[in-house]
Each structure stands twice: as C-alpha cells, then as structure tokens.
Amino acid sequence: MLDIRFLRENLDLVRKKLAERGQQIDLDRFVQLDAGRRERLQEVESLRSDRNRVSKEIGKLKAGKQDASGLISRMGEVSDRIKAIDEDLKQIEAELQSFVMIIPNVPHESVAYGTGSEDNPVVRTWGEKPKFDFAPRPHWELGEALGILDFARGAKIAGARFTLYCGAGALLERALINFMLDLHTSVHGYTEVLTPFMVNGTSMTGTGQLPKFAEDLFKIEGMDYWLIPTAEVPVTNIYQGEILAEKDLPRYLVAYSPCFRAEAGSYGKDTRGLIRQHQFNKVELVKFSLPETSYEELEKLTLNAEEVLKRLGIHYRTVSLCTGDLGFSSAKTYDLEAWLPGQDAYREISSCSNFEDFQARRAGIRFRREGSSKVELLHTLNGSGLAVGRTLVAVLENYQQRDGSIVIPEALKPYMKGIDRISAAG
RNA sequence: GGAGAGAUGGCUGAGAGGCCGAAAGCGAUCGCCUGCUAAGCGAUUGUACGCCUGUCAAGGGUGUACCGCGGGUUCGAAUCCCGCUCUCUCCGCCA
C-alpha cells in the first residue's frame with residue numbers, strides 16, 4: 001500500500017510510475033475520495049468537539065440540580081448529525097481503502113523499463129552449461145524411470161499438478177530442505193522459524209496477496225483460513241502491528257514451508273513435471289530492515305540465495321525484473337534462473353524482492369530509532385532460498401548420467417544417508 | 001465439543017455512566033545529587049487521523065478517535081446491553 005499523503009502530493013509521479021508497470025489507475029477518483037473524506041472528517045470532528053464540551057456542561061448542571069433539558073435535546077440533534085456523517089464517512093473510507101489496496105508498489109529508480117520478461121536485464125551469470133555426450137532428458141522422464149517421482153499416482157490421490165515423491169526422491173527433497181536451512185542459519189546468520197501453513201485474511205492482506213489475488217489462493221471453505229502460497233506471508237506477519245527497536249534491525253529469518261497455489265490462469269502451461277504444482281516446498285528468506293540499508297540487504301539476500309546454487313554446482317543467471325514484470329508489492333526484484341539442460345532453458349528458481357515500506361504499511365510493522373520518540377515504517381524483503389522442487393529438478397537434470405542415474409552433488413552427500421548416486425531399482 | 005473465568009498503556013494492575021487517555025507501582029529516558037556504584041530527588045514517558053503554524057528540515061499549537069473487535073442504549077460509555085474473536089482453567093476427544 002502506498003502512503004496516502006505521498007499519493008496525494010505526488011499524483012503525477014505515481015501515475016507515471018504505474019504506467020511503466022503497464023497499469024492504468026483512475027487517480028482522479030482517488031483525489032475526489034480523499035478530499036471528500038477530509039471535508040467530512042473536519043465537519044464531524046468539530047461537531048464531536050461541540051458535543052464533548054456541552055455534555056460536560058450538562059453533567060455539571062445535573063450535579064447542581066439545574067435544568068439541562070434544552071441542552072440535552074439540542075445535543076440529541078447533534079448526535080444524529082454525527083451519526084449521519086459517520087455513516088457517510090465510513091463508506092468513503094471503505095472505498096478509499098479498497099482503492100489504495102489494489103495500487104501496486106512504485107518501482108525503484110534502478111529498475112529498467114520494460115513490458116515483459118524478455119526485457120529483464122541479466123545482471124550476472126555463474127558457472128557454465130554442463131556438456132553431455134548424450135541428449136539430456138527432462139526430469140519427468142528421469143524421475144519416472146528411476147521410480148522416484150510418480151506423477152500418475154500424485155494425480156490419482158489429489159489431481160493434476162500434484163506429485164508423489166518416492167524413496168530416494170523423497171529423501172533428496174528432504175536433503176535439499178535441510179541443506180538450505182543449515183546453510184542459511186549456520187553460514188548466513190538467519191534464524192529459523194516454523195510457522196502455521198494457514199493464515200487469516202488479515203495476514204494475506206498485510207503482505208499483499210489480498211484483496212487483489214484471491215483467485216491464486218486456496219481457501220478453507222467457510223472459515224477465514226487461507227493456505228499460504230509462500231512462507232513470506234506468515235513470516236512477514238510475525239511482527240504485524242508491532243513496533244520494533246532499532247537495535248533489533250536488521251532481522252533475518254528463514255523458514256521452510258510447503259506452498260499452495262491455485263495457479264489459476266496458467267492452464268496448459270508447464271503441465272509436465274514439477275515446475276508448476278499446486279503444492280511445493282520452499283525455503284524462504286525474510287528480512288526486516290532499516291529503510292536506508294534495504295537495498296544493500298537485497299543484494300546480500302540475493303547472494304545468499306545464489307550461494308545455494310553455487311554449492312550445488314548448478315549454472316544460473318541473475319536477472320533484474322523490469323517494470324512490466326515486477327510483482328504487485330515489490331519495488332525491485334532479482335530472479336535467479338537455473339539452467340535446466342533437459343529442457344534446454346533457464347527457469348526461475350528464486351525471486352528476491354525489496355518491498356520497501358509497501359508491506360510494512362499494510363501490516364503495520366514499524367520501528368523506533370534509538371533516542372527518538374518517532375515511529376517509522378521499516379522495510380521488508382524476502383527471497384526464495386530456494387524453491388525446493390525446482391532445485392530438485394535442477395539437480396536431476398544437471399547431474400544425470402548416460403544410464404539415467406543421478407550423481408548426488410558433494411554438498412548434499414551429508415544429507416543422503418550414504419547414497420551418492422540414484423539408480424533405477426533392481 | 002461441554003462448563004466457567006478473563007482481555008485496560010512497554011509490563012503489573014486500579015477503574016463500575018460525566019471530574020478518565022485513563023490511578024498506583026515497575027520499567028525506560030533525561031536531568032540533579034554522588035570520588036565510583038547503589039540509593040535518593042525531579043521531569044518526561046502510547047498510537048492514528050485531521051486542521052492551523054513553521055520550514056531546506058525538525059518542530060510547535062489545536063481537535064478527534066482508540067481501554068480485544070463490531071454493533072446498540074445515552075446529552076455523555078473503559079464502565080450498561082448484544083454479537084464476535086482470542087487467552088486461561090476444568091471435562092470430553094485426539095497426533
């Protein structure tokens with residue numbers, strides 16, 4: 001959510017920035033609502049002031065056994081006025097609120113202009129494409145042949161876009177989760193948290209999923225419980241409505257969670273394999289930062305995510321999302337794209353964003369500087385560190401052998417119970 | 001799922017229709033005192049939204065709202081009434 005005062009005073013700037021995102025928003029309606037709200041607020045507040053003053057007089061008159069019936073009936077009318085304006089005001093504020101809640105964040109000045117993913121500048125690449133003396137196969141073929149990924153039974157149990165992991169496949173997924181958590185807690189200084197996997201609507205609104213993107217989410221019928229699409233939601237909302245001390249910042253948290261996404265509107269896209277699932281695992285990095293250091297923190301967070309791929313020895317590139325590709329709440333985002341030789345393509349495996357104060361304002365997450373009485377909004381950041389299912393895909397496709405077996409990367413060996421190669425059973 | 005108790009500021013805790021944005025204590029900050037520490041003394045100590053003033057800024061003044069949340073009664077609600085949420089205790093069920 002943008003600051004209403006900022007919006008009021010920077011209409012043209014906001015209009016221009018949103019246009020760069022490819023967004024058309026009727027800011028004239030905002031101006032109208034905002035002015036109407038303030039006008040009515042002044043009116044009702046002065047009536048209240050009046051009523052407060054006179055009510056005290058009435059109290060005094062009554063205490064002195066004097067007649068106050070004239071004042072009482074006059075205040076009765078004033079109260080009716082107040083009630084009527086309040087009604088009006090409530091309506092205006094609701095509309096104003098729902099209006100600002102669907103305005104996306106303003107992109108940071110360093111974000112390149114563009115209309116889609118083809119315009120995302122590549123910031124850096126690491127490693128090289130592995131060479132194969134055979135035609136590398138996609139992970140769904142490898143996984144099925146090895147008996148570690150069972151797409152048919154996943155679909156039987158739950159439906160399309162669900163997968164059953166078996167044996168060494170399940171172990172490999174678990175190994176990746178633990179490897180990532182250990183790296184981020186032991187080496188990068190994050191504190192691990194394990195959160196609820198369902199949250200209420202307030203939390204979903206705090207991080208920006210609601211009200212605009214309800215169709216992307218799974219909701220428990222008849223209850224205010226939503227399945228989290230990422231651990232970003234519960235983790236960022238840990239400090240919802242709180243005021244932190246400056247000395248507590250920056251705060252680094254890491255969480256494993258399953259993620260649930262309806263994937264509405266992506267029918268027919270990535271229908272094979274693990275790339276686009278209704279349920280997948282992810283290790284998420286979340287930071288609460290001072291405003292002045294949040295872009296430094298974004299660079300560090302991105303490198304923390306990249307370190308996972310480096311240690312796994314997987315070639316990747318880092319792109320900076322252009323204005324047209326940027327997510328709703330983000331001011332700046334780096335995507336890590338891992339090389340998948342079986343698909344001859346780079347695929348997003350992590351997304352690292354600085355939300356500046358956009359989420360903090362929605363969720364009411366603030367801090368107080370040492371020696372200051374003023375409270376300020378802090379900045380929130382997060383990034384996948386990494387998407388586990390897609391990392392498993394990258395491992396399978398990059399470490400596949402001519403015979404279809406998978407060599408376990410060095411970094412994962414401590415987590416694989418002595419297995420250093422996954423081969424077809426029997 | 002059944003029965004009961006509760007929710008007040010950073011914390012503890014008073015408050016029972018007007019004198020309450022809220023006693024008292026603790027904590028914190030600043031100042032005084034002290035050779036140092038402790039003690040003591042004094043002051044300050046919530047948030048949001050308006051308006052006025054000031055401006056490069058910081059600030060100052062003023063009003064309104066907020067005692068879990070939402071409604072109601074009343075000239076006036078932390079206080080009375082209704083609904084909800086959450087917490088705690090006991091019983092049942094349960095990994």
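- Among the heavy atoms of the strands lying under 4.0 Å from A:R8 are primed sugar atoms or P, OP1, OP2 only; no base atom is included.
- Side-chain N/O atoms of A:K90 include one lying less than 4.0 angstrom from OP1 or OP2 on B:G71.
- Place A:G59 and A:I4 on RNA chain B by their nearest nucleotides, and A:G59 ends up nearer the 5' end.
- To the nearest 0.5 Å, atom CG of residue A:L378 and atom CD of residue A:Q359 are 10.5 Å apart.
- Proximity note for A:Q42 (side chain, C-beta onward) versus B:G50, B:C75, B:G63: the nearest is B:G50.
- Within the nucleic acid shown, A:K60 has no heavy atom closer than 4.0 Å to any nucleic acid atom.
- Nucleotides B:G25 and B:A65 place their C1' atoms 28 Å apart, quoted to the nearest Å.
- Contact annotation: A:N52 reaches the phosphate of B:A65 (side-chain N/O to OP1 or OP2, under 4.0 Å).
- Within 4.0 Å (heavy atoms only), A:R5 reaches sugar-phosphate atoms of the nucleic acid but no base atom.
- Considering only side-chain N and O atoms, A:R37 lies under 4.0 angstrom from the phosphate OP1 or OP2 of B:G50.
- Among the atoms of the strands shown, only primed sugar atoms or phosphate atoms (P, OP1, OP2) are found under 4.0 Å from some heavy atom of A:R368.
- Below 30°, between 30° and 60°, or above 60°: for A:Y190 and A:H188 the angle between ring planes is above 60°, a perpendicular geometry.
- For the pair A:M75 CE and B:G76 P, the computed distance is 10 Å after rounding to whole Å.
- The side chain of A:S46 contributes no N or O atom lying less than 4.0 Å from OP1 or OP2 of B:G63.
- The base of B:G63 lies close enough to the side chain of A:E45 for a donor and an acceptor atom to sit less than 3.5 Å apart.
- Nearest-nucleotide positions on RNA chain B for A:L71 and A:I243 put A:I243 closer to the 5' end.
- Residue contacts shown for A:L41 are limited to sugar-phosphate atoms, with no base heavy atom under 4.0 Å away.
- Taking side-chain N and O atoms only, A:S55 has no distance below 4.0 Å to OP1 or OP2 of B:G18.
- Residue contacts for A:V44: at a heavy-atom cut-off of 4.0 Å it reaches no nucleic acid atom on any strand shown.
- Classified by interplanar angle (parallel below 30°, tilted 30° to 60°, perpendicular above 60°), the ring pair A:F162/A:H278 is tilted.
- The side chain of A:R38 places no N or O atom within less than 4.0 Å of a non-bridging phosphate oxygen (OP1 or OP2) of B:C49.
- Residues A:Y225 and A:N200 bring no donor and acceptor atom of their side chains to less than 3.5 Å of each other.
- Side-chain contact annotation: A:T202 with A:Q240, donor-acceptor N/O pair under 3.5 Å absent.
- Closest to the A:K62 side chain, of the nucleotides B:U47, B:A65, B:G18, is B:G18.
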